[in-house]
Number of protein chains: 2
Amino acid sequence: MHGRHGRGQAQGGRGQGPGSGRADHMLEPALLCSLLGGATHGYGLVEHLAEFGLAAVPLRRVYRALSGLEAMGWVTSDWDSAQTQGPPRRVYTLTGEGKAALEEWMVYLRESRGAISRLLDAYERRRA
Amino acid sequence: MHGRHGRGQAQGGRGQGPGSGRADHMLEPALLCSLLGGATHGYGLVEHLAEFGLAAVPLRRVYRALSGLEAMGWVTSDWDSAQTQGPPRRVYTLTGEGKAALEEWMVYLRESRGAISRLLDAYERRRA
DNA sequence: TCCACTATAGTCTCTTTGTCAATAGTCACT
DNA sequence: AGTGACTATTGACAAAGAGACTATAGTGGA
């Protein structure tokens with residue numbers, strides 16, 4: 001019963017080519033970084049993610065990531081009192097530990113970027 | 001029976017912090033890129049991976065990645081005749097399709113690097 | 001009342017990954 | 001010849017992660 005609720009929530013497409021399915025390990029740091037700008041709820045964060053090139057992330061994954069972050073103690077959540085356009089929202093707030101974790105993530109991302117650059121360079125070198 | 005054979009093969013450490021366990025989606029392109037330099041076997045490729053900052057990749061994952069690449073038609077394998085220091089080696093060779101796939105991977109990696117940079121920039125902006 | 005939109009969450013299943021271990025050939029030392 | 005270290009590949013099972021579908025539920029407009 002019911003037509004379709006919510007949104008499409010992204011399509012699969014299995015294989016193993018570049019960017020096949022698995023988005024990245026960037027979702028968690030992107031969420032933490034967004035929360036640096038103030039507490040927000042999951043649904044609102046999704047649109048915010050486009051800024052980082054994470055436009056196609058399924059809502060379900062965002063919610064799951066957020067509960068993961070909460071389990072790590074990096075964010076806390078409260079149901080908001082003044083709900084605005086629908087059912088109650090779970091609003092997430094960055095903790096002090098979350099800020100520290102975010103900084104570690106940034107170190108890791110800088111390393112990842114360096115590794116990617118090394119690989120790109122090696123490719124250019126070998127292709128010639 | 002038996003003490004320990006093979007090597008340690010990396011340690012776990014589950015959690016979900018930065019770089020927790022899961023290395024990256026860089027293994028496949030790194031292997032293909034290595035094979036640009038000539039055919040090699042899995043065990044030999046492992047040491048070669050350090051060049052790209054993929055030093056800690058478990059052997060098992062490398063072998064699995066290689067059979068995946070073969071299933072995609074990006075590499076072919078043969079057992080070598082003149083084995084040198086142990087049991088027969090399965091030697092992998094890059095195919096034409098593999099070269100094309102590698103180029104697509106490079107496009108994807110450049111995009112990933114861009115996304116990481118955007119996130120790093122956003123972080124610096126917000127921290128201030 | 002019905003439908004669309006906002007908002008979060010449960011669950012089933014398939015795939016991927018981690019881990020342990022089996023198999024097996026070569027080489028150096030004793 | 002036997003032992004152990006190193007080279008080399010693979011099987012099998014369990015745990016984790018991600019996708020897809022569905023359930024629930026409040027608000028607001030036609």
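Everything numeric here is computed off the predicted structure, so don't read it as measured data. Chain letters run A, B, ... following the sequence lines, proteins first, then strands; residues in each count from 1. Below, each value reflects all heavy atoms present in this structure, side chains not excepted, and no hydrogens, waters or symmetry copies.
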Separation of atom NE2 in B/His41 from atom C1' in D/dT10, rounded to whole Å: 15 Å
Let's see if you can work this out: which of C/dT6, C/dA9, C/dG25 has an atom nearest to the side-chain heavy atoms of B/Pro88? C/dG25
Rounded to whole angstroms, how far apart are CG on A/Leu45 and C1' on C/dT8? 13 Å
If you check every side-chain atom of A/Pro58, which of D/dA8, D/dG19, C/dA9 has the closest atom? D/dG19
Those residues that, when tested against A/Arg118, pass salt bridge (charged side-chain N to carboxylate O under 4.0 Å, His left out) (two or more places apart): none
Test salt bridge (charged side-chain N to carboxylate O under 4.0 Å, His left out) applied to A/Arg64 - qualifying residues, sequence neighbours left out: none
To the nearest Å, give me how far apart CG (A/Leu59) and C1' (D/dA25) are. 16 Å
Just how far, in rounded Å, is C1' of D/dG19 from CG of A/Leu27? 15 Å
Testing D/dA25, C/dA9, C/dA24 for proximity to the side chain of A/Trp79, the answer is C/dA9
Check if the side chain of A/Arg64 and the base of C/dG10 share a donor-acceptor pair of N or O atoms closer than 3.5 Å. no
Need one value for B/Gly42: base, sugar-phosphate or nothing, where a base atom within 4.0 Å counts as base even if backbone is also close, heavy atoms only. sugar-phosphate
D/dT9 C1' sits how many Å from B/Glu70 CD, rounded? 13 Å
Quick check for you: to the nearest 0.5 Å, what is the distance between B/Glu28 atom CD and B/Trp74 atom CH2? 8.0 Å
Just how far, in rounded Å, is C1' of D/dT10 from OH of B/Tyr92? 10 Å
Would you say that A/Thr93 contacts A/Val75 through its side chain, given a criterion of any heavy-atom pair below 4.5 Å between the two side chains? no
Hey, what bend do you get for the helix from C/dT1-D/dA30 to C/dT30-D/dA1 if you fit axes on five pairs at each end, rounded to 10°? 10°
Would A/Leu49 and A/Leu31 satisfy side-chain contact (heavy atoms from CB on, under 4.5 Å), going step by step from the backbone distance to the final call? CA-CA 8 Å; A/Leu49 285 174; A/Leu31 290 172; 4.1 Å; yes
Whole angstrom value for the distance that separates P of C/dG10 from CG of A/Leu66: 14 Å
Where the side chain of A/Arg61 is concerned, which of D/dT7, D/dT9, D/dA18 is the nearest nucleotide? D/dA18
Would the base of D/dG11 count as contacting B/Arg60 through its side chain, where contact means a donor and an acceptor less than 3.5 Å apart? yes
Nearest-Å distance for atom pair CG/C1', residues B/Asp80 and D/dT7: 12 Å
Would A/Arg126 and B/Glu51 pass as an ion pair if we require N to O under 4.0 Å? yes
B/Phe52: which of A/Asp121, A/Ile116, A/Leu120, A/Leu119 passes side chain to side chain contact (heavy atoms under 4.5 Å, CB included): A/Leu119
Phosphate OP1/OP2 of C/dA9: any A/Tyr63 side-chain N/O under 4.0 Å: no
